[in-house]
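If you read the sequence from its start, that first residue is 1, and numbering goes on from there.
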Amino acid sequence: MSMINVSGLTFGYDGSGVNLFENVSFRLDTDWRLGFTGRNGRGKTTFLKLLLGEYEYTGTISASVEFEYFPYTVPDEQADILSVAYSIADDFEQWELERELSLLGMPDDILYRAFSTLSMGERTKVLLALMFIKSERFMLIDEPTNHLDLDGRELVARYLASKRGFILVSHDRSFLDACTDHTLAINRADITVTAGSFSVWYQNKQLRDNYEAAEDEKLRREISRLNESARRTAAWSDAAERSKIGFDPHKVEKSMNRRAYEGAKSKKLMRRAKAAEKRIDAQIEEKKSLLKNVEETEELRLNPLPCQVSRLAELSHISVWRGSIDVRQILDDVSFKVEAGDRICLAGQNGCGKSTLIQLLLGGGICAEESQGEMPRSAAARDSIYYTGSLYRASGLVISYLPQDVSRLSGSLDEFESRSGVDRVLFRAILRKLDFPRSLFDADLSTYSAGQKKKAALARSLAEHAQLYIWDEPLNYIDIYSRMQIEELLSETDATVVFVEHDRSFRDAVATKIVEL
(Lines give C-alpha, C1' and ligand atoms only; values in the text may rest on other atoms or scores of the structure.)
Protein backbone atom coordinates (compact mmCIF):
# COMPACT_ATOMS: atom_id res chain seq x y z
CA MET A 1 0.00 0.00 0.00
CA SER A 2 1.22 3.51 -0.85
CA MET A 3 -0.34 6.95 -1.15
CA ILE A 4 -0.78 9.53 -3.89
CA ASN A 5 -0.49 12.93 -2.21
CA VAL A 6 -1.88 16.03 -3.89
CA SER A 7 -1.01 19.27 -2.11
CA GLY A 8 -1.85 22.84 -3.09
CA LEU A 9 -2.59 21.85 -6.71
CA THR A 10 -3.41 24.83 -8.92
CA PHE A 11 -3.89 24.56 -12.66
CA GLY A 12 -5.65 26.42 -15.46
CA TYR A 13 -5.36 26.35 -19.24
CA ASP A 14 -3.64 29.31 -20.89
CA GLY A 15 -6.12 31.96 -21.92
CA SER A 16 -9.02 30.49 -19.95
CA GLY A 17 -8.88 33.15 -17.24
CA VAL A 18 -10.22 30.68 -14.64
CA ASN A 19 -8.31 27.91 -12.89
CA LEU A 20 -9.74 24.40 -13.07
CA PHE A 21 -8.04 23.57 -9.77
CA GLU A 22 -7.29 26.15 -7.09
CA ASN A 23 -5.07 25.11 -4.17
CA VAL A 24 -6.68 21.66 -3.76
CA SER A 25 -5.23 18.96 -1.52
CA PHE A 26 -6.22 15.33 -0.89
CA ARG A 27 -4.73 11.82 -0.55
CA LEU A 28 -5.49 8.62 -2.45
CA ASP A 29 -4.58 5.05 -1.54
CA THR A 30 -3.10 3.07 -4.44
CA ASP A 31 -5.07 -0.02 -3.36
CA TRP A 32 -8.42 1.68 -3.91
CA ARG A 33 -10.84 1.06 -6.75
CA LEU A 34 -11.65 4.72 -7.14
CA GLY A 35 -14.65 6.03 -9.08
CA PHE A 36 -14.11 9.55 -10.44
CA THR A 37 -17.18 11.73 -10.99
CA GLY A 38 -18.05 15.33 -11.79
CA ARG A 39 -19.85 17.40 -14.38
CA ASN A 40 -18.51 17.80 -17.93
CA GLY A 41 -15.72 20.35 -18.10
CA ARG A 42 -14.75 20.12 -14.41
CA GLY A 43 -11.32 18.63 -15.20
CA LYS A 44 -11.50 14.86 -14.71
CA THR A 45 -9.41 13.97 -17.76
CA THR A 46 -7.19 16.99 -17.07
CA PHE A 47 -6.43 15.67 -13.59
CA LEU A 48 -5.44 12.29 -15.05
CA LYS A 49 -3.11 14.11 -17.47
CA LEU A 50 -1.63 16.04 -14.52
CA LEU A 51 -0.87 12.74 -12.79
CA LEU A 52 0.90 11.66 -15.98
CA GLY A 53 2.96 14.85 -15.92
CA GLU A 54 1.67 16.13 -19.25
CA TYR A 55 0.90 19.68 -18.03
CA GLU A 56 2.76 22.16 -15.86
CA TYR A 57 1.09 23.10 -12.58
CA THR A 58 1.83 24.63 -9.20
CA GLY A 59 1.67 22.63 -5.98
CA THR A 60 2.88 19.07 -5.60
CA ILE A 61 1.76 15.60 -6.70
CA SER A 62 3.84 12.84 -5.13
CA ALA A 63 3.43 9.10 -5.71
CA SER A 64 5.60 6.00 -5.40
CA VAL A 65 3.83 4.28 -8.33
CA GLU A 66 3.93 4.71 -12.09
CA PHE A 67 0.73 5.58 -13.93
CA GLU A 68 -0.89 3.92 -16.95
CA TYR A 69 -3.55 5.71 -18.99
CA PHE A 70 -6.50 4.11 -20.79
CA PRO A 71 -7.21 4.21 -23.69
CA TYR A 72 -3.80 3.48 -25.24
CA THR A 73 -2.87 4.80 -28.66
CA VAL A 74 -2.34 1.81 -30.96
CA PRO A 75 0.65 2.48 -33.25
CA ASP A 76 -0.41 0.07 -36.04
CA GLU A 77 -4.06 -0.93 -36.17
CA GLN A 78 -3.41 -3.35 -39.04
CA ALA A 79 -1.14 -5.49 -36.82
CA ASP A 80 -2.44 -8.54 -34.99
CA ILE A 81 -3.35 -8.29 -31.32
CA LEU A 82 -0.20 -10.05 -30.09
CA SER A 83 2.01 -7.62 -32.03
CA VAL A 84 0.01 -4.67 -30.70
CA ALA A 85 0.46 -6.06 -27.17
CA TYR A 86 4.25 -6.24 -27.52
CA SER A 87 4.36 -2.68 -28.90
CA ILE A 88 2.53 -1.40 -25.80
CA ALA A 89 3.67 -3.76 -23.02
CA ASP A 90 6.87 -5.59 -23.93
CA ASP A 91 7.55 -7.17 -20.53
CA PHE A 92 4.95 -9.94 -20.16
CA GLU A 93 4.35 -13.63 -20.82
CA GLN A 94 1.80 -14.56 -23.46
CA TRP A 95 -0.14 -16.69 -21.00
CA GLU A 96 -0.68 -13.59 -18.83
CA LEU A 97 -2.37 -11.77 -21.69
CA GLU A 98 -4.42 -14.87 -22.57
CA ARG A 99 -5.58 -15.06 -18.93
CA GLU A 100 -6.74 -11.43 -18.90
CA LEU A 101 -8.47 -11.75 -22.26
CA SER A 102 -10.24 -14.89 -21.07
CA LEU A 103 -11.52 -13.03 -17.98
CA LEU A 104 -12.96 -10.44 -20.36
CA GLY A 105 -14.77 -13.09 -22.40
CA MET A 106 -12.57 -12.86 -25.49
CA PRO A 107 -12.12 -15.95 -27.73
CA ASP A 108 -8.86 -17.97 -27.77
CA ASP A 109 -7.94 -16.95 -31.33
CA ILE A 110 -8.26 -13.21 -30.69
CA LEU A 111 -4.46 -12.79 -30.46
CA TYR A 112 -4.03 -13.46 -34.17
CA ARG A 113 -6.73 -11.16 -35.47
CA ALA A 114 -5.89 -7.70 -36.81
CA PHE A 115 -6.73 -4.96 -34.32
CA SER A 116 -8.58 -3.06 -37.08
CA THR A 117 -11.09 -5.92 -37.45
CA LEU A 118 -12.29 -5.64 -33.85
CA SER A 119 -15.47 -3.86 -32.87
CA MET A 120 -15.12 -0.82 -30.61
CA GLY A 121 -16.28 -2.89 -27.63
CA GLU A 122 -13.71 -5.61 -28.40
CA ARG A 123 -10.98 -2.98 -28.67
CA THR A 124 -11.91 -1.68 -25.23
CA LYS A 125 -11.57 -5.16 -23.70
CA VAL A 126 -8.22 -5.84 -25.42
CA LEU A 127 -6.74 -2.53 -24.24
CA LEU A 128 -7.96 -3.14 -20.68
CA ALA A 129 -6.32 -6.58 -20.73
CA LEU A 130 -3.05 -4.96 -21.90
CA MET A 131 -3.27 -2.46 -19.07
CA PHE A 132 -3.66 -5.05 -16.32
CA ILE A 133 -0.76 -7.27 -17.41
CA LYS A 134 1.48 -4.44 -16.25
CA SER A 135 2.37 -4.89 -12.58
CA GLU A 136 3.13 -2.21 -10.00
CA ARG A 137 1.22 0.40 -11.96
CA PHE A 138 -1.69 2.60 -10.92
CA MET A 139 -4.31 2.58 -13.68
CA LEU A 140 -6.03 5.73 -14.96
CA ILE A 141 -9.10 4.48 -16.85
CA ASP A 142 -10.93 7.21 -18.77
CA GLU A 143 -14.54 6.43 -19.78
CA PRO A 144 -14.24 2.79 -20.92
CA THR A 145 -18.01 2.22 -21.23
CA ASN A 146 -18.82 4.43 -24.23
CA HIS A 147 -18.46 1.58 -26.72
CA LEU A 148 -19.68 -1.27 -24.52
CA ASP A 149 -23.13 -2.81 -24.69
CA LEU A 150 -25.04 -3.72 -21.52
CA ASP A 151 -23.58 -7.24 -21.28
CA GLY A 152 -20.11 -5.85 -21.99
CA ARG A 153 -20.45 -3.29 -19.22
CA GLU A 154 -21.48 -5.92 -16.72
CA LEU A 155 -18.57 -8.16 -17.75
CA VAL A 156 -16.01 -5.34 -17.55
CA ALA A 157 -17.46 -4.23 -14.19
CA ARG A 158 -16.92 -7.74 -12.79
CA TYR A 159 -13.41 -7.73 -14.23
CA LEU A 160 -12.52 -4.39 -12.64
CA ALA A 161 -14.09 -5.44 -9.33
CA SER A 162 -11.50 -8.23 -9.20
CA LYS A 163 -8.63 -5.73 -9.55
CA ARG A 164 -7.14 -3.10 -7.28
CA GLY A 165 -5.39 0.21 -7.79
CA PHE A 166 -7.17 2.38 -10.34
CA ILE A 167 -9.07 5.59 -10.96
CA LEU A 168 -12.12 5.03 -13.14
CA VAL A 169 -13.83 7.93 -14.92
CA SER A 170 -17.38 6.95 -15.84
CA HIS A 171 -20.86 8.46 -15.89
CA ASP A 172 -22.66 5.12 -15.68
CA ARG A 173 -24.04 4.85 -12.13
CA SER A 174 -24.65 1.09 -12.18
CA PHE A 175 -21.18 0.47 -13.60
CA LEU A 176 -19.51 2.58 -10.90
CA ASP A 177 -21.49 0.87 -8.15
CA ALA A 178 -20.46 -2.55 -9.43
CA CYS A 179 -16.69 -2.05 -9.38
CA THR A 180 -15.58 0.86 -7.13
CA ASP A 181 -15.04 1.13 -3.37
CA HIS A 182 -14.17 4.85 -3.08
CA THR A 183 -15.37 7.95 -4.90
CA LEU A 184 -13.37 11.01 -5.95
CA ALA A 185 -15.71 13.88 -6.82
CA ILE A 186 -14.95 17.23 -8.43
CA ASN A 187 -17.69 19.42 -6.96
CA ARG A 188 -18.55 23.04 -7.68
CA ALA A 189 -16.33 24.38 -4.92
CA ASP A 190 -13.93 21.60 -3.92
CA ILE A 191 -12.74 18.02 -4.43
CA THR A 192 -13.85 15.31 -2.01
CA VAL A 193 -12.82 11.71 -1.39
CA THR A 194 -15.47 9.38 0.07
CA ALA A 195 -15.33 5.74 1.15
CA GLY A 196 -17.96 3.79 -0.78
CA SER A 197 -19.39 3.47 -4.27
CA PHE A 198 -21.11 6.19 -6.30
CA SER A 199 -24.50 5.53 -4.69
CA VAL A 200 -23.00 5.85 -1.20
CA TRP A 201 -21.32 9.12 -2.18
CA TYR A 202 -24.46 10.46 -3.84
CA GLN A 203 -26.68 9.57 -0.88
CA ASN A 204 -24.25 11.30 1.50
CA LYS A 205 -24.14 14.33 -0.80
CA GLN A 206 -27.92 14.56 -0.87
CA LEU A 207 -28.07 14.35 2.93
CA ARG A 208 -25.42 17.07 3.21
CA ASP A 209 -27.14 19.26 0.62
CA ASN A 210 -30.52 18.86 2.35
CA TYR A 211 -28.99 19.69 5.74
CA GLU A 212 -27.28 22.77 4.33
CA ALA A 213 -30.49 23.85 2.58
CA ALA A 214 -32.35 23.61 5.91
CA GLU A 215 -29.55 25.54 7.66
CA ASP A 216 -29.61 28.12 4.89
CA GLU A 217 -33.35 28.66 5.32
CA LYS A 218 -32.98 28.87 9.11
CA LEU A 219 -30.18 31.43 8.78
CA ARG A 220 -32.18 33.47 6.27
CA ARG A 221 -35.04 33.73 8.79
CA GLU A 222 -32.62 34.56 11.62
CA ILE A 223 -30.86 37.24 9.56
CA SER A 224 -34.23 38.75 8.63
CA ARG A 225 -35.27 38.77 12.31
CA LEU A 226 -31.96 40.32 13.38
CA ASN A 227 -32.19 42.97 10.67
CA GLU A 228 -35.64 43.96 11.85
CA SER A 229 -34.46 44.00 15.48
CA ALA A 230 -31.39 46.04 14.54
CA ARG A 231 -33.58 48.50 12.64
CA ARG A 232 -35.83 49.04 15.67
CA THR A 233 -32.89 49.30 18.07
CA ALA A 234 -31.14 51.80 15.79
CA ALA A 235 -34.33 53.88 15.62
CA TRP A 236 -34.61 53.89 19.43
CA SER A 237 -30.91 54.75 19.75
CA ASP A 238 -31.27 57.68 17.34
CA ALA A 239 -34.30 58.96 19.25
CA ALA A 240 -32.42 58.68 22.57
CA GLU A 241 -29.40 60.48 21.07
CA ARG A 242 -31.56 63.35 19.89
CA SER A 243 -33.17 63.69 23.34
CA LYS A 244 -29.68 64.31 24.90
CA ILE A 245 -29.35 67.53 22.97
CA GLY A 246 -32.78 68.92 23.48
CA PHE A 247 -36.25 67.88 24.52
CA ASP A 248 -39.76 69.09 24.21
CA PRO A 249 -40.71 70.67 27.58
CA HIS A 250 -44.33 69.92 26.91
CA LYS A 251 -43.59 66.14 26.68
CA VAL A 252 -40.75 65.39 29.13
CA GLU A 253 -39.86 66.47 32.65
CA LYS A 254 -37.46 69.43 33.18
CA SER A 255 -35.25 67.71 35.75
CA MET A 256 -31.51 68.64 35.59
CA ASN A 257 -30.68 64.90 35.82
CA ARG A 258 -32.61 64.15 32.66
CA ARG A 259 -29.59 64.68 30.32
CA ALA A 260 -27.48 62.04 32.16
CA TYR A 261 -30.34 59.56 32.03
CA GLU A 262 -30.87 60.12 28.30
CA GLY A 263 -27.11 59.71 27.69
CA ALA A 264 -26.97 56.35 29.46
CA LYS A 265 -30.06 55.18 27.61
CA SER A 266 -28.58 56.20 24.24
CA LYS A 267 -25.28 54.47 25.02
CA LYS A 268 -27.07 51.23 25.97
CA LEU A 269 -29.17 51.21 22.79
CA MET A 270 -26.07 51.89 20.68
CA ARG A 271 -24.34 48.86 22.25
CA ARG A 272 -27.38 46.71 21.46
CA ALA A 273 -27.38 47.94 17.84
CA LYS A 274 -23.65 47.18 17.46
CA ALA A 275 -24.11 43.68 18.96
CA ALA A 276 -27.00 42.99 16.56
CA GLU A 277 -24.81 44.07 13.61
CA LYS A 278 -22.04 41.70 14.69
CA ARG A 279 -24.50 38.82 15.03
CA ILE A 280 -25.88 39.56 11.56
CA ASP A 281 -22.35 39.63 10.08
CA ALA A 282 -21.53 36.31 11.78
CA GLN A 283 -24.72 34.72 10.47
CA ILE A 284 -24.00 35.97 6.94
CA GLU A 285 -20.46 34.54 7.07
CA GLU A 286 -21.86 31.21 8.27
CA LYS A 287 -24.39 31.24 5.45
CA LYS A 288 -21.64 31.79 2.87
CA SER A 289 -20.14 28.40 3.77
CA LEU A 290 -23.39 26.63 2.86
CA LEU A 291 -24.68 25.32 -0.47
CA LYS A 292 -21.37 25.83 -2.31
CA ASN A 293 -21.48 22.29 -3.71
CA VAL A 294 -25.18 22.04 -4.52
CA GLU A 295 -25.49 21.12 -8.21
CA GLU A 296 -28.37 23.18 -9.51
CA THR A 297 -30.21 21.40 -12.31
CA GLU A 298 -33.09 23.08 -14.06
CA GLU A 299 -36.05 21.24 -15.53
CA LEU A 300 -35.76 20.35 -19.22
CA ARG A 301 -38.75 20.36 -21.54
CA LEU A 302 -39.72 18.71 -24.82
CA ASN A 303 -42.28 20.25 -27.13
CA PRO A 304 -43.40 17.43 -29.44
CA LEU A 305 -45.72 18.03 -32.36
CA PRO A 306 -49.17 16.48 -32.02
CA CYS A 307 -49.66 13.09 -33.67
CA GLN A 308 -52.71 12.72 -35.91
CA VAL A 309 -52.51 8.91 -35.75
CA SER A 310 -51.64 6.55 -32.91
CA ARG A 311 -49.40 4.26 -34.98
CA LEU A 312 -46.28 6.19 -36.04
CA ALA A 313 -44.25 3.25 -37.38
CA GLU A 314 -44.37 -0.52 -37.60
CA LEU A 315 -41.85 -3.16 -38.59
CA SER A 316 -43.21 -6.58 -39.47
CA HIS A 317 -40.88 -9.58 -40.04
CA ILE A 318 -38.01 -7.28 -41.07
CA SER A 319 -34.70 -8.87 -42.13
CA VAL A 320 -31.76 -6.67 -43.12
CA TRP A 321 -28.61 -7.12 -45.20
CA ARG A 322 -25.71 -4.74 -45.53
CA GLY A 323 -22.42 -4.69 -47.43
CA SER A 324 -20.90 -4.61 -50.90
CA ILE A 325 -19.06 -7.70 -52.21
CA ASP A 326 -19.27 -9.37 -48.81
CA VAL A 327 -22.98 -8.98 -48.14
CA ARG A 328 -23.93 -9.98 -44.60
CA GLN A 329 -27.24 -10.27 -42.82
CA ILE A 330 -27.62 -7.88 -39.88
CA LEU A 331 -31.15 -8.54 -38.63
CA ASP A 332 -33.58 -11.41 -38.96
CA ASP A 333 -37.36 -11.36 -38.50
CA VAL A 334 -37.77 -8.25 -36.32
CA SER A 335 -41.28 -7.00 -35.52
CA PHE A 336 -42.55 -4.16 -33.31
CA LYS A 337 -44.80 -1.09 -33.36
CA VAL A 338 -44.04 2.52 -32.44
CA GLU A 339 -47.18 4.06 -31.01
CA ALA A 340 -47.73 7.62 -29.80
CA GLY A 341 -46.32 8.05 -26.28
CA ASP A 342 -44.02 5.00 -26.45
CA ARG A 343 -40.49 5.22 -25.11
CA ILE A 344 -38.84 2.24 -26.81
CA CYS A 345 -35.31 1.09 -25.99
CA LEU A 346 -33.55 -0.93 -28.70
CA ALA A 347 -31.35 -3.34 -26.76
CA GLY A 348 -28.75 -5.93 -27.68
CA GLN A 349 -25.06 -6.61 -28.01
CA ASN A 350 -22.65 -4.48 -30.03
CA GLY A 351 -23.04 -5.22 -33.73
CA CYS A 352 -26.52 -6.74 -33.47
CA GLY A 353 -28.05 -4.07 -35.73
CA LYS A 354 -29.47 -1.37 -33.42
CA SER A 355 -28.05 1.55 -35.42
CA THR A 356 -29.02 -0.18 -38.68
CA LEU A 357 -32.60 -0.45 -37.43
CA ILE A 358 -32.54 3.26 -36.63
CA GLN A 359 -31.45 3.99 -40.20
CA LEU A 360 -34.46 2.01 -41.41
CA LEU A 361 -36.80 4.07 -39.22
CA LEU A 362 -35.19 7.21 -40.63
CA GLY A 363 -36.03 6.04 -44.15
CA GLY A 364 -32.55 4.88 -45.12
CA GLY A 365 -33.41 1.37 -46.30
CA ILE A 366 -34.12 -0.15 -49.74
CA CYS A 367 -36.76 -2.84 -50.01
CA ALA A 368 -35.05 -5.87 -51.56
CA GLU A 369 -38.35 -7.12 -52.95
CA GLU A 370 -38.87 -3.87 -54.84
CA SER A 371 -35.31 -4.09 -56.23
CA GLN A 372 -36.03 -7.62 -57.52
CA GLY A 373 -34.13 -9.07 -54.56
CA GLU A 374 -30.73 -7.79 -55.70
CA MET A 375 -28.21 -7.19 -52.94
CA PRO A 376 -25.60 -4.39 -53.31
CA ARG A 377 -22.55 -5.45 -55.30
CA SER A 378 -20.59 -2.26 -55.97
CA ALA A 379 -18.29 -0.32 -53.67
CA ALA A 380 -20.53 2.71 -54.17
CA ALA A 381 -23.37 0.75 -52.58
CA ARG A 382 -21.41 -0.66 -49.66
CA ASP A 383 -23.39 1.36 -47.09
CA SER A 384 -26.78 0.51 -48.59
CA ILE A 385 -29.30 -1.20 -46.34
CA TYR A 386 -31.51 -3.79 -48.02
CA TYR A 387 -34.46 -5.33 -46.22
CA THR A 388 -37.31 -7.75 -46.64
CA GLY A 389 -40.57 -7.66 -44.74
CA SER A 390 -43.02 -4.83 -44.17
CA LEU A 391 -41.94 -1.35 -43.04
CA TYR A 392 -44.60 1.30 -42.31
CA ARG A 393 -44.05 4.95 -41.40
CA ALA A 394 -46.90 7.40 -40.87
CA SER A 395 -47.35 9.88 -43.69
CA GLY A 396 -45.51 13.16 -43.09
CA LEU A 397 -43.88 11.85 -39.92
CA VAL A 398 -41.58 14.53 -38.43
CA ILE A 399 -38.47 13.00 -36.81
CA SER A 400 -35.71 14.53 -34.68
CA TYR A 401 -32.56 12.41 -34.86
CA LEU A 402 -29.62 12.43 -32.43
CA PRO A 403 -26.67 10.45 -33.88
CA GLN A 404 -24.28 8.36 -31.85
CA ASP A 405 -21.11 9.95 -33.25
CA VAL A 406 -20.81 13.75 -32.98
CA SER A 407 -17.00 13.87 -32.90
CA ARG A 408 -16.78 15.68 -36.25
CA LEU A 409 -18.82 18.70 -35.21
CA SER A 410 -17.07 21.94 -36.18
CA GLY A 411 -17.80 25.56 -36.98
CA SER A 412 -19.39 28.24 -34.83
CA LEU A 413 -22.42 27.74 -32.64
CA ASP A 414 -24.26 30.31 -34.81
CA GLU A 415 -23.62 28.16 -37.89
CA PHE A 416 -24.74 25.02 -36.04
CA GLU A 417 -28.00 26.73 -35.04
CA SER A 418 -28.56 27.97 -38.59
CA ARG A 419 -27.97 24.52 -40.13
CA SER A 420 -30.30 22.93 -37.59
CA GLY A 421 -33.07 25.50 -38.01
CA VAL A 422 -33.75 25.69 -34.27
CA ASP A 423 -34.76 28.73 -32.27
CA ARG A 424 -31.51 30.37 -31.10
CA VAL A 425 -32.82 31.57 -27.74
CA LEU A 426 -34.43 28.20 -26.90
CA PHE A 427 -31.36 26.23 -28.01
CA ARG A 428 -28.96 28.27 -25.87
CA ALA A 429 -31.33 28.21 -22.89
CA ILE A 430 -31.30 24.40 -23.05
CA LEU A 431 -27.51 24.38 -23.24
CA ARG A 432 -27.31 26.53 -20.11
CA LYS A 433 -29.70 24.15 -18.32
CA LEU A 434 -27.27 21.35 -19.20
CA ASP A 435 -24.51 23.26 -17.37
CA PHE A 436 -22.90 24.39 -20.63
CA PRO A 437 -20.58 27.38 -19.97
CA ARG A 438 -21.41 30.68 -21.68
CA SER A 439 -17.71 31.10 -22.43
CA LEU A 440 -18.02 28.35 -25.09
CA PHE A 441 -20.79 30.09 -27.02
CA ASP A 442 -18.16 31.95 -29.08
CA ALA A 443 -15.76 28.99 -29.43
CA ASP A 444 -15.52 26.66 -32.43
CA LEU A 445 -17.32 23.35 -31.91
CA SER A 446 -14.15 21.48 -32.86
CA THR A 447 -12.56 22.73 -29.61
CA TYR A 448 -15.37 21.32 -27.44
CA SER A 449 -14.82 18.24 -25.30
CA ALA A 450 -16.63 15.03 -26.29
CA GLY A 451 -19.26 15.68 -23.61
CA GLN A 452 -19.78 19.28 -24.71
CA LYS A 453 -20.25 18.22 -28.36
CA LYS A 454 -22.81 15.65 -27.26
CA LYS A 455 -24.66 18.29 -25.22
CA ALA A 456 -24.78 20.60 -28.25
CA ALA A 457 -26.30 17.82 -30.38
CA LEU A 458 -28.72 16.85 -27.60
CA ALA A 459 -29.83 20.46 -27.06
CA ARG A 460 -30.50 20.75 -30.80
CA SER A 461 -32.83 17.73 -30.66
CA LEU A 462 -34.56 19.00 -27.52
CA ALA A 463 -35.16 22.33 -29.26
CA GLU A 464 -36.73 20.67 -32.30
CA HIS A 465 -40.49 20.15 -32.58
CA ALA A 466 -41.06 16.59 -33.79
CA GLN A 467 -43.52 13.73 -33.58
CA LEU A 468 -40.83 11.09 -33.07
CA TYR A 469 -37.45 11.49 -31.37
CA ILE A 470 -34.82 8.91 -32.34
CA TRP A 471 -31.69 8.97 -30.20
CA ASP A 472 -28.70 6.69 -30.77
CA GLU A 473 -26.73 6.41 -27.50
CA PRO A 474 -27.58 9.95 -26.30
CA LEU A 475 -25.65 9.64 -23.02
CA ASN A 476 -22.14 8.93 -24.35
CA TYR A 477 -19.77 11.31 -22.50
CA ILE A 478 -22.70 13.05 -20.74
CA ASP A 479 -22.16 13.69 -17.02
CA ILE A 480 -24.29 12.06 -14.33
CA TYR A 481 -26.30 15.15 -13.38
CA SER A 482 -27.29 15.82 -16.99
CA ARG A 483 -28.21 12.13 -17.34
CA MET A 484 -30.55 12.54 -14.39
CA GLN A 485 -32.08 15.65 -16.00
CA ILE A 486 -32.73 13.77 -19.25
CA GLU A 487 -34.01 10.76 -17.33
CA GLU A 488 -36.51 12.93 -15.43
CA LEU A 489 -37.55 14.68 -18.65
CA LEU A 490 -38.28 11.47 -20.54
CA SER A 491 -39.96 9.79 -17.57
CA GLU A 492 -42.53 12.58 -17.45
CA THR A 493 -42.97 13.45 -21.14
CA ASP A 494 -45.69 12.24 -23.48
CA ALA A 495 -43.28 12.50 -26.42
CA THR A 496 -42.61 9.39 -28.52
CA VAL A 497 -38.98 8.29 -28.28
CA VAL A 498 -36.99 5.41 -29.77
CA PHE A 499 -33.52 5.19 -28.27
CA VAL A 500 -30.43 3.04 -27.89
CA GLU A 501 -28.74 3.27 -24.50
CA HIS A 502 -26.58 0.87 -22.47
CA ASP A 503 -26.84 2.74 -19.15
CA ARG A 504 -28.97 0.28 -17.15
CA SER A 505 -30.17 2.85 -14.59
CA PHE A 506 -31.35 5.16 -17.37
CA ARG A 507 -32.97 2.41 -19.44
CA ASP A 508 -34.88 0.96 -16.49
CA ALA A 509 -36.17 4.40 -15.47
CA VAL A 510 -37.22 5.59 -18.93
CA ALA A 511 -38.26 2.74 -21.24
CA THR A 512 -41.91 1.72 -21.55
CA LYS A 513 -40.94 -1.02 -24.03
CA ILE A 514 -37.68 -2.87 -24.67
CA VAL A 515 -37.00 -4.45 -28.07
CA GLU A 516 -34.28 -7.10 -27.69
CA LEU A 517 -32.32 -7.71 -30.90
Side-chain angles (χ1 to χ4, degrees), residues 1-32 34-75 87-90 127 130-131 134 136-144 146 165-171 182-194 292-293 407 409-410 435-455 477 479:
M1 182 188 77
S2 60
M3 303 299 293
I4 300 169
N5 293 294
V6 178
S7 179
L9 174 65
T10 298
F11 173 81
Y13 287 103
D14 291 340
S16 68
V18 179
N19 286 331
L20 271 175
F21 306 114
E22 187 73 51
N23 194 32
V24 296
S25 301
F26 52 89
R27 302 179 74 199
L28 308 175
D29 192 313
T30 57
D31 278 344
W32 289 347
L34 191 67
F36 195 6
T37 189
R39 299 205 76 157
N40 294 131
R42 290 272 170 87
K44 297 183 295 297
T45 297
T46 299
F47 177 69
L48 301 187
K49 300 290 188 181
L50 289 171
L51 291 178
L52 292 167
E54 294 189 11
Y55 303 134
E56 292 185 3
Y57 57 88
T58 60
T60 60
I61 298 176
S62 60
S64 59
V65 292
E66 293 185 53
F67 297 105
E68 286 290 322
Y69 179 76
F70 173 94
Y72 292 112
T73 299
V74 176
S87 70
I88 293 175
D90 55 3
L127 295 181
L130 288 177
M131 172 171 273
K134 298 187 177 186
E136 303 302 323
R137 304 291 178 93
F138 188 78
M139 313 306 181
L140 310 177
I141 309 172
D142 199 355
E143 301 207 44
N146 286 323
F166 60 78
I167 292 178
L168 169 66
V169 178
S170 177
H171 301 298
H182 284 74
T183 300
L184 176 65
I186 300 183
N187 306 306
R188 290 178 62 195
D190 58 20
I191 296 178
T192 57
V193 180
T194 305
K292 286 186 175 182
N293 282 325
S407 60
L409 284 182
S410 61
D435 196 51
F436 197 90
R438 292 183 188 275
S439 59
L440 290 180
F441 283 0
D442 296 323
D444 193 282
L445 272 71
S446 62
T447 66
Y448 289 5
S449 70
Q452 289 160 346
K453 287 180 180 179
K454 197 71 174 187
K455 284 185 177 181
Y477 303 102
D479 64 69

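Contact of the P144 side chain with the L127 side chain is not registered, since no non-hydrogen atoms from C-beta on lie closer than 4.5 Å. Taking the side chain as every heavy atom from C-beta outward, T30 and I4 approach each other to under 4.5 Å. By the 4.5 Å heavy-atom criterion applied to side chains, W32 and L184 are not counted as neighbours. Side-chain contact between L28 and V6 is absent, with no heavy atoms from C-beta onward closer than 4.5 Å.
One finds the CG atom of N40 at 11.5 Å from the OH atom of Y477 (value rounded to the nearest 0.5 Å). A distance of 4.0 Å separates CG in N187 from OG1 in T192, rounded to the nearest 0.5 Å. Rounding to the nearest 0.5 angstrom, the gap separating the CE atom in M139 from the CD atom in E68 is 6.0 Å. Summarising the geometry, atom CG belonging to D435 is positioned 9.5 Å from atom CD belonging to Q452; distances are rounded to the nearest 0.5 Å. Atom CG of L50 and atom CG of L20 lie 8.5 Å apart (nearest 0.5 Å). Atom CG of residue L34 and atom CZ of residue F166 lie 8.5 Å apart, to the nearest 0.5 angstrom.
With hydrogens and angles disregarded, a donor-acceptor distance shorter than 3.5 Å links the side chain of Y448 to the backbone of L440.
Here the closest heavy-atom approach between residue D29 and residue F138 is recorded as O-CE1, 4.2 Å. Closest non-hydrogen pair, R39 versus K44, comes out as O-NZ, 3.2 Å. Contact detail for N23 and T10: the closest heavy-atom pair is N-OG1, 2.9 Å. What you find for R42 and I186 is that their closest heavy atoms are NH1-O, 3.4 Å. For the pair F67 and L51, the tightest heavy-atom approach, listed with the atom from each and the gap, is CD1-O, 3.4 Å. Across all their heavy atoms, F70 and I141 have their closest contact at CD2-CG2, 3.8 Å.
Between F11 and F21, the angle of the ring planes lies from 30° to 60°, which puts this pair in the tilted group. Between F47 and F36, the two ring planes are perpendicular [angle over 60°; tilted spans 30° to 60°].
Salt-bridge formation is detected for the pair K455/D479: a Lys NZ or Arg NE/NH1/NH2 atom is positioned less than 4.0 Å from an Asp or Glu carboxylate oxygen.
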Requested in this report: Decide yes or no on side-chain contact (heavy atoms from CB on, under 4.5 Å) for Y69 and K49, but give the supporting numbers first.
Outcome: CA-CA 9 Å; Y69 179 76; K49 300 290 188 181; 3.8 Å; yes
Query raised in the report: Can you check side-chain contact (heavy atoms from CB on, under 4.5 Å) on I88 and K134, steps first, answer last?
Result: CA-CA 10 Å; I88 293 175; K134 298 187 177 186; 4.1 Å; yes
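For the residue pair S7/N5, the side-chain donor-acceptor check at 3.5 Å is not satisfied.
Partners of E56 according to the side-chain contact (heavy atoms from CB on, under 4.5 Å) rule, which considers only residues two or more places apart in sequence or in another chain, do not exist here.
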